[in-house]
Amino acid sequence: MRDELFDRDFQGGREALNEGIDRLIARIGAFVRATGEAQVRAEWSAPWARSGRRNRSGVA
């Protein structure tokens, strides 16, 4: 009887569980992608290149 109740509850919530797992994997993937892109920008950006920003004295 307990197994049947557990199975009924599990089957009822399985779709929501799978959607939650999918969202979690997507968020982890987005985090890893953003972190990798930031690391590539930091490692490969030319420090001598002008950034376009200027301070108050007009020097880049």
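By convention here, the first residue in the shown sequence is residue 1.
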Taken to the nearest 0.5 Å, the spacing of Asp22 CG from Arg27 CZ works out to 12.5 Å
CG (Leu17) and CD (Gln11) are apart, to the nearest 0.5 Å, by 11.0 Å
CZ (Arg33) and CD1 (Ile28) are apart, to the nearest 0.5 Å, by 12.5 Å
For this session: Give the cluster check for Val32 versus Val40: same hydrophobic cluster or not, with ILVMFWY residues linked at side-chain heavy-atom distances below 4.5 Å.
Result: no
By side chain to side chain donor-acceptor pair (under 3.5 Å), Gln39 pairs with (sequence neighbours left out) Glu43
